[in-house]
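The figures here come from the full heavy-atom set of this structure, side chains too, leaving out hydrogens, waters and symmetry mates. No experiment lies behind these values; they were computed from the predicted model shown. Chain letters run A, B, ... following the sequence lines, proteins first, then strands; residues in each count from 1.
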Amino acid sequence: MTSADSSSPSDFIRDIIEKDLRSSKHQGRVATRFPPEPNGYPHIGHAKSVCLNFGIAAQYGGVCNLRMDDTDPSGESTEYVESIIRDVKWLGFDWQDRLYYASDYYEKLYQYAIELIGAGKAYVCDLNPDEIREYRGTLTEPGKESPYRNRSAEENMALFERMRAGEFPEGSRVLRAKIDMASPNVTLRDPIMYRIKKVNHYRTGDKWCIYPMYDFAHCLSDSLEGITHSLCTLEFENNRPLYDWFLKELKIHPRPQQIEFARLNLSYTVLSKRRLIELVEKGVVGGWDDPQMPTLSGMRRRGYTPEAIRNFCERIGVSKNDSLIDIALLEDCVREDLNEKAPRVMAVLRPLRVVIDNYPEGRSEEFDCPCHPKNPEMGSRKVPFSRVLYIERDDFHENPPKKFFRLAPGREVRLRYGYFIRCIGVIKDPATGEVSEVHCTYDPETKSGFAPDGRKVEATLHWVAAAHAVSAEVRLYDRLYRVADPLAEGSDHTEHLNPKSLETLHSCRLEPSLAQAAPGDRFQFERIGYFCVDTADSKGQRLVFNRTVTLRDAWARLRSRGEKIVDFEK
RNA sequence: UGGGGCGUCGUCAAGCGGUAAGACACAGGAAUUUGGAUCCUGCAUUCGGAGGUUCGAAUCCUCCCGCCCCAGCCA
């Protein structure tokens, strides 16, 4: 026997499923579900769950449903439902006709509640919220039984009907499961099943004024859909006995099994809906789809591909360890995907004017440049060359530091797919002393970048012909936070925001082929990084690019290492 | 200090009594018309700690330590 198929992932959840399959526990069926509450935009943490649930269904020939877990009308909306549908689809998953809503089960859930009341397992409690909390006890002390705990089934039935009819104000009564006020598991101390909320529901409108709680609704929704394995995050581990209690007391036969795994935490970002809403509402970011956001819509706009995200979700694995994934892994995933897919292009972000003194004025020529160095099938594009060019400011140093081997006075470098040029002088702004123009000569023998005499050059620079360049705005995104764990030790994450998480460059000069770029198109700006055309702000003549991720940069690494040494010496 | 869960490389993560996979990160090198990609090389004598069982323990037992979750009419 060969070792496990390395193309399909394996983890403790799949182990359980395979065991269940062998023992025919669910008649060989596998059914999962992705059950978001539509009260926010899905983020990369949701993607982990989406990939897990849909991935498992696909791997074992099962199904995965998409279910809106909409049991609390405050905060839920159609906008969020739409964002979830759009993003899960974009990730590449298909639930066919199995889009469900917990709110479609309200009537059935109500009947289940009636059944529990009839069995003496649920009661209407008149305690107010404060009293309920007091009666619940603490982590170390048992709770006290509610004085309403032993009402007759008839009385409970009548009261519950009147709750539904809207006869009582919010907060005045709840329906509770009668379990055990002394349970060491606080979840089991007569948990609330229904509360009164006189709030309009985005789907059921004002039809209901009582709404089921998560614990009651979730297990039953799962069983109603024939879910076999109900995967959720670790914080629900305490709730599992309650999940099982409802199903057992209602004598539901094929019972779904809840299995908990660790939610995703990503370094230098924050992945809680509450925190993300805060960023949106405080205006720290431009919205849920701001490219700085770890939301799927933000990442899409930033230029991430679904493939990269899926690969990431597979690479991080699934376990019960509370972990913090290094964002470098995510970045590696996009680079890996975009390295293959993104056409190469030249763009100068911070232009420095270069004049080729021995290149005739008014003359220009075109080079045919491959769109991908390894994949000829991606074709080529024409790039014009002329006497005045732009190169990257960073690619020239009047007094080059050690190990800097780009352009400097007297040095020769190659212009990618162009000519060798040698710097013969600089012109400085008399006011600032800053280099404003570099003068060079070119070697006509080195056309396309080859020297017939075989001489070598240390660097190859990207460039753009000044007269032919198109202008663009480029947004350089970096990590949103300065610290790896912005929530560490209960600190306020907004104190750790990275002030440089967005730098906008307005006078970027791009090769003319980019004038045709359409919103969403992705490119590699050679030697810089991966960029995509912004889908919201790039329109008509106004070109806006977002940086998805930088290229790995050995020079930048050397430089920052140097800085560290300098700091150390201080 | 009640209950539930988790501790294997800087970060993830395999391992399921037979002698520590892999990935990212990091470091070095080769090659290079992207200081990219690629390719080599290195990177846990030891698995939170201490005892014990065993010919043999990351895997079994005992005790201890650390971290996370639970006292919403949120999910």
Side-chain angles (χ1 to χ4, degrees), chain A residues 3-4 6 10-11 15 35-37 39 69-72 74-75 125 127-129 132-134 136-143 170-176 183-189 191-197 210-211 213-215 217-218 232-241 260 262 267 273-274 315-333 335-336 339-340 344 346 372-374 403-406 414-418 420 446 448-451 456-462 484 524-529 550-558:
Chain A
S3 58
S6 61
S10 158
D11 51 65
D15 289 347
E37 183 187 13
N39 65 349
D69 204 4
D70 53 359
T71 55
D72 180 2
S74 37
C125 181
L127 258 22
N128 68 41
I132 289 196
R133 194 181 328 114
E134 281 169 37
R136 188 149 35 216
T138 70
L139 295 180
T140 50
E141 296 157 331
E170 272 187 35
S172 65
R173 283 181 168 83
V174 290
L175 182 72
R176 295 229 246 170
S183 172
N185 180 351
V186 183
T187 309
L188 263 16
R189 320 244 258 232
I192 293 170
M193 295 166 57
Y194 271 92
R195 75 290 214 186
I196 299 168
K197 278 199 183 218
I210 56 171
Y211 292 94
M213 297 287 289
Y214 167 85
D215 290 300
H218 205 89
C232 65
T233 44
L234 249 29
E235 65 271 26
F236 291 100
E237 210 145 20
N238 294 319
N239 303 45
R240 187 176 354 124
E260 311 84 10
S267 66
K273 237 184 284 191
R274 225 193 84 222
R315 288 218 249 165
I316 58 178
V318 181
S319 78
K320 300 190 72 153
N321 298 339
D322 194 359
S323 59
L324 182 65
I325 307 283
D326 190 343
I327 196 166
L329 182 64
L330 216 210
E331 294 172 345
D332 186 65
C333 290
R335 288 195 189 104
E336 183 181 294
N339 178 45
E340 284 197 14
R344 311 288 126 123
M346 291 196 282
H372 192 109
K374 294 275 160 35
K403 292 191 178 172
F404 177 88
F405 50 77
R406 279 111 88 150
R414 170 168 37 233
L415 293 179
R416 173 144 244 226
Y417 303 128
F420 283 15
T446 58
S448 293
F450 285 109
K456 299 284 184 202
V457 94
E458 276 196 300
T460 299
L461 271 38
H462 61 278
Q524 184 197 96
F525 288 0
E526 290 215 38
R527 305 210 303 132
I528 302 176
T550 61
L551 244 34
R552 261 195 204 89
D553 187 343
W555 169 240
R557 229 182 295 162
L558 273 178

Indicate, with a heavy-atom threshold strictly under 4.0 Å, whether A:Leu324 touches base, sugar-phosphate, or nothing.
sugar-phosphate
Look at all strands and tell whether A:Leu329 reaches a base, only sugar-phosphate, or nothing, counting heavy atoms closer than 4.0 Å.
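Sugar-phosphate contact only - A:Leu329 comes under 4.0 Å of backbone atoms but never of a base.
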Does a side-chain N or O from [X] land closer than 4.0 Å to OP1 or OP2 of [N], or not?
X        : N      : value
A:Asn339 : B:rA37 : no
A:Arg195 : B:rC74 : yes
A:Arg133 : B:rC73 : no
A:Thr187 : B:rA71 : no
A:Arg136 : B:rC70 : no

May I ask you to verify whether the side chain of A:Arg406 and the base of B:rG35 hold a donor-acceptor pair under 3.5 Å?
yes
What about A:Asp553: does its side chain form a donor-acceptor pair under 3.5 Å with the base of B:rG36?
no
Between B:rC68 and B:rA57 - P atom distance, rounded Å:
33 Å
Please report the distance separating the C1' of B:rC47 from the corresponding atom of B:rA13, rounded so that it comes out in whole Å.
13 Å
Just say parallel, tilted or perpendicular for the rings of A:Phe236 and A:Tyr214, cut-offs at 30° and 60°.
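The arrangement is tilted - the two ring planes meet at 30° to 60°.
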